Amino acid sequence: MNRYNPKEIEPKWQGIWDETGAYTADLRSDRPKYIAMSMFNYPSGAGIHIGHAMNYTISDVKARFKRQQGYESYHPIGWDAFGLPAENFAIKSGVSPQESMATIIPSYHKQYKAMGWSNDWEKEISTHLPEYYKWTQWIFWKMHEQGLAYQDSRMQWWCELDNSVLANEQVIDGKCWRHDGADDPLVEKREVKQWFFRITDYADELLDSIDALDWTESVKLAQKNWIGKSKGAEVDFALEGSEQKIAVFTTRPDTLYGATFMVLAPEHELVSSITTDEQRQEIEEYARVAQQKSELERQTSKEKTGVFTGAYALNPVNGAQVPIWIADYVLEGYGTGAIMAVPAHDERDNEFAHKYNLPIKQVVADYVIGDGNDAPRKDVPTRNSETADAIITDGKGKYLLQIEGDEIHFAGGGVDETDASPEDAVAREAREETGYDKVLSVKQAAPYSAYYGYRAIKKRNNRCWGAYYEVVVDPSSKVPSEVEDGMHEVAWFDKSEVASRITWEDHLRAWNHYIGGDIEMDVHEGLLVNSGEFDGQETSEVRENIVAMLAEQGKATEKVNYKMRDWSVSRQRYWGAPIPIINCEKCGAVRVPESDLPIILPELDDFQPSGDGRSALARATDWLKTTCPECGGEAERETDTLDTYICSSWYMYRYFDPRNTQAIFDSELVKKWEPIDFYNGADHATAHLLYARFIGHFFKGLGLVNEPEPFKQFLFNGKVTAADGTMFSKSKGNGVDPLEIIDQGYGADALRTYLMFAAPLDTWARWDPQGVPGTYRFLSRIWTLVHQYLAAEEKPVAEAAQKEILRATHQMIRKVSEDIEENHYNTAIAAAMTDVNELYKLKVDNLAKSDVWQEALSSLVACVAPFAPHIADELWLKLGHHNSVQRDSWPDWKQEYLTQDTMTIAVQVNGKLRGTIEVEVGSDESVVLAAAKADTKVATHLDGVNIVKSIYVPNKLVNFVVK
RNA sequence: GGGCGAGUGGCGGAAUUGGUAUACGCGGCGGACUUAAAAUCCGCUGGCUGAAUAAGCCUUGUGGGUUCAAGUCCCACCUCGCCCACCA
């Protein structure tokens, strides 16, 4: 018998698959359709790595599984060929990207085929070919036609040595990627004209349809966060001494009374007009520096900085004068680029206020945990009441506490209508409750807090809030109190004793604030205080009311904001699809006639950007000069190219009709195949997925597709790391080359099987050098088993053995079928391994040429075929099948073979396993219980005790509860 | 700072609705075959006490709780990972 030798059989089958077009999908087939794909690859000179091997095997297994099940299964192939790395290489080497791609892509063909991936090469696409990018341009064309593409300016990184725009990834440590020496200057930002797609028009649509997607949850969440919808209000603050207003966006209008200053983004349009002459120089300097701050600085240094403009605004709710500052923690691009700062309840504002000594005003009281904190009742009325608590001291380190039985606390009481202020109230309470008549001073000592109480006697909900005040009294002034004397026992304590004496939790908290000095706020929701007519109401209740109130005065409107920006789609780069626009001095930016598409990217010798901020295309004079389609006058082509994200946001549709020259694709065909059934990748790829969804929704609007969501299922799979858990990297030299593993003699099948077996698909797998040898051994065992069977004598197999063989086989079929369907590849492989182990035991006495072994081995081979397609085809053929295992070979499992005559029942005594018993399937509970009691091991534990209760879980377990 | 997720043998990892924890693989140990090795095949392999392949106890990050029964459910804590990050 020949040994399992992948080096022989794998190239052989790869050749056969190629010749027979085994994986060519018939897109017009009557069969049920299935399309599984991984995110397509960016072809770089480095070739495939272990991460690619992982990604593409995942979708390949799915595609093969469905193909074997009788689906018309399509596993497409394409290349994301445009992009910066190829252009950078071209700039350095002078080799054109077109040329590099012409050699790189074919080298990938070999590697993909060596991995045994079942790609349909007939329908291969690449984004850099005119036949493809004609339609990328068409998408821009269509967007423009629909009013969804527009031009605007945006700040861009600029290298003064290159005289060129830089992409974010070309900025390294604040310097240009080509000029990162010690003497080289930092990059700057310059205003550059950009094209945008109005993806924000689709924000709600894209957000609303996320929930229904069968995607990895974290990816769905990332989509939601990216869109970043938040509901709030736009509120106008009048500029003091002027007719002008400044609008702010806030999600917390309920905290308006706490707005003690205002902050504008340094780029805000009103900054220069409101700045006073004294402040002007400082403001301008700050704005200039902020603009040039690199991303790196912004991320590493979160320390708040800012400058006062000298101007004041008026808080619309109470007319309070608030200073206006500028600071770079407020972003120009979000909301109105201006905020009202509520330092008491917003951490960023708080930090800023502390740094610049701005007032902090508490307007939300936190609920304290205490005796009064009952649940509100709906059946009785609610009353709001303000209270004031007194931390009474002689001013010399002694504190007066009230003693009521076991409870010790500060004095305090309600703020009555007769009290002019809480301070008056607390002074009055101090006198009344303690008898010390001479109050020397009163000042707030701790933040406001709130509690909720139900008063049974008055049948009333009480919503209470109040602050704590330090009340200094003259200790020699005690007189008989007229009002409450005798009701309260009081005693002086030393400062060091107070904390250990107080029994009320909220009072202890106030004490800690008092002695800690600083009143820090980390409260976000609760009861409003210091908020005029809204005092005592819940923040969540007030949020809408306060906006409604201001709206009546024309000072506020409800407003929804999104973090998502419009999509900047133009790049000042050579290696991309040219934007199909002609710039005419007279007519402006004009679309090229649709019939002129594609605008071919001219081949150049020099790929260096032109030096005026435009791409190298600006030097391609013959190409550049043209006539205006509208007026016929002299004009120039747009030299910007399209963001490669556009290329990759629609490629899945092109897979269905890759050679169409008349239309982007045949809609009828796409409507038959949409959506993509299975999509996977090892990156969140939030932007890619969002843009693809956007294009899907856009196509739906154009009637090109029926289903706006392109991807039905998306699996965010894990990556492969080195054995020590660190990332593979070229610099560390710890990379694992998949082709090398294959060439070592283990073969693609063993590699594929290991990758799918090592861990669940959504978990990061560690590379184990012993792993592939392990799966090689497994495949080897199948190889041996089949060959031993083929060499065996023809004779009948004992009935009991037949039963066992069939049971093992059908159990395996069931598990593998279900697990692949649910993306649990690792346990599917484990089930096949278990089957092999069982068949090895059974073969010792029972191996024979027979129907039962034929069925067992054919099923086994078919079930491992998605993971190990080469060995499967080889063995399938040897088992006498005439078709390929790759199509229509998936076995069905039959329930009748899974049932057994006896079942194992676990027997517990008081929840502890004491033995197992074998009983006939379908035995009555009484029979099972009797058998359980009869078991010798169990019996010893039942000896001398009473069985209080017997629990029988059918077909599984018995538990005797004894005493 | 915010969000999400995870802690199970020496390692990667299994465990429907709560129902025999540690499937499967790796590694390790022992044996068979062999002049020998590799390969292959067979067996053992969570920890502790024990001479034991007797018996018992313990064990899913830690501590509580619910339950006849908890890796799984609830509460608190600890640790790790990932993503987003000044979005008002």
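Computed from a predicted model, the values in this text were never measured in an experiment. So that the names make sense, note that chain A is the first sequence line, chain B the second, and so on, each numbered from 1.
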Span that lies between the [atom1] atom of [M] and that of [N], in whole angstrom:
N: B:C77; M: B:U67; atom1: P; value: 24 Å
N: B:C57; M: B:G7; atom1: P; value: 29 Å
N: B:G64; M: B:A14; atom1: P; value: 29 Å
N: B:G30; M: B:A21; atom1: C1'; value: 27 Å
N: B:U60; M: B:A51; atom1: C1'; value: 32 Å
N: B:A85; M: B:G19; atom1: P; value: 41 Å
N: B:A76; M: B:C86; atom1: P; value: 30 Å
N: B:U22; M: B:U16; atom1: P; value: 13 Å

N/O (side chain, [X]) to phosphate O (OP1/OP2, [N]) under 4.0 Å:
X: A:H824; N: B:A23; answer: no
X: A:T763; N: B:G13; answer: no
X: A:R777; N: B:C26; answer: yes
X: A:Y334; N: B:A88; answer: yes
X: A:R781; N: B:C41; answer: yes
X: A:Q770; N: B:G27; answer: yes
X: A:N826; N: B:A14; answer: yes
X: A:K563; N: B:A88; answer: no
X: A:Y754; N: B:G25; answer: no
X: A:R914; N: B:A55; answer: no

The glycosidic conformation of B:G10, counting syn as within 90° of 0 and anti otherwise, is anti
Base orientation of B:G9, chi within 90° of 0 counted as syn, else anti, reads syn
Using atom types as modelled and distance alone, determine if a side-chain donor or acceptor of A:R565 lies under 3.5 Å from a backbone N or O of A:Y562. yes
Counting side-chain heavy atoms from CB outward, which of [options] is closest to [X]?
X: A:V330; options: B:A88, B:A21, B:C24; answer: B:A88
X: A:Q908; options: B:C24, B:U20, B:A88; answer: B:U20
X: A:N959; options: B:G25, B:A88, B:A69; answer: B:A69
X: A:L957; options: B:C41, B:U20, B:A88; answer: B:U20
X: A:F757; options: B:G12, B:A55, B:G19; answer: B:G12
X: A:P760; options: B:C57, B:C68, B:A14; answer: B:A14
X: A:A830; options: B:A14, B:C42, B:C24; answer: B:C24

What I'd like to find out is whether the side chain of A:F308 reaches to under 4.5 Å of the side chain of A:F261, using heavy atoms alone. no
Does some side-chain heavy atom of A:E332 sit less than 4.5 Å from a side-chain heavy atom of A:L264?
no
Take the protein atom [atom1] of [X] and the nucleotide atom [atom2] of [N], then report the distance between them rounded to whole Å.
X: A:E918; N: B:U20; atom1: CD; atom2: P; result: 15 Å
X: A:D328; N: B:C86; atom1: CG; atom2: C1'; result: 8 Å
X: A:W215; N: B:G5; atom1: CH2; atom2: C1'; result: 20 Å
X: A:N910; N: B:C57; atom1: CG; atom2: C1'; result: 16 Å
X: A:F867; N: B:C24; atom1: CZ; atom2: P; result: 17 Å

- Task: Assign A:Y840 to base, sugar-phosphate, or nothing according to its heavy-atom contacts below 4.0 angstrom with the strands shown.
- Result: sugar-phosphate
Checklist entry - So what does A:P773 touch, heavy atoms closer than 4.0 Å: a base, only the sugar-phosphate, or nothing? => result nothing
A:L860 and A:D835 have their tightest heavy-atom pair at CD1-OD2, 3.6 Å
Q: Under the salt bridge (Lys or Arg N to Asp or Glu O under 4.0 Å) rule, what do A:E804 and A:R807 come out as? Steps first, then yes or no, please.
A: CA-CA 5 Å; A:E804 284 299 293; A:R807 192 189 48 75; 3.2 Å; yes
Checklist line | Salt bridge A:R543-A:D254, side-chain N to carboxylate O under 4.0 Å | finding: yes
TODO: Would you sort out whether A:K224 and A:D211 count as a salt bridge (Lys or Arg N to Asp or Glu O under 4.0 Å), showing the intermediate values?
DONE: CA-CA 10 Å; A:K224 288 184 186 176; A:D211 283 332; 2.8 Å; yes
A:Y754 and A:W767 aromatic ring geometry - parallel, tilted or perpendicular at 30°/60° bounds: perpendicular
Using only modelled atom types and a 3.5 angstrom limit, is any donor from either the side chain of A:K956 or the base of B:U16 paired with an acceptor on the other? no
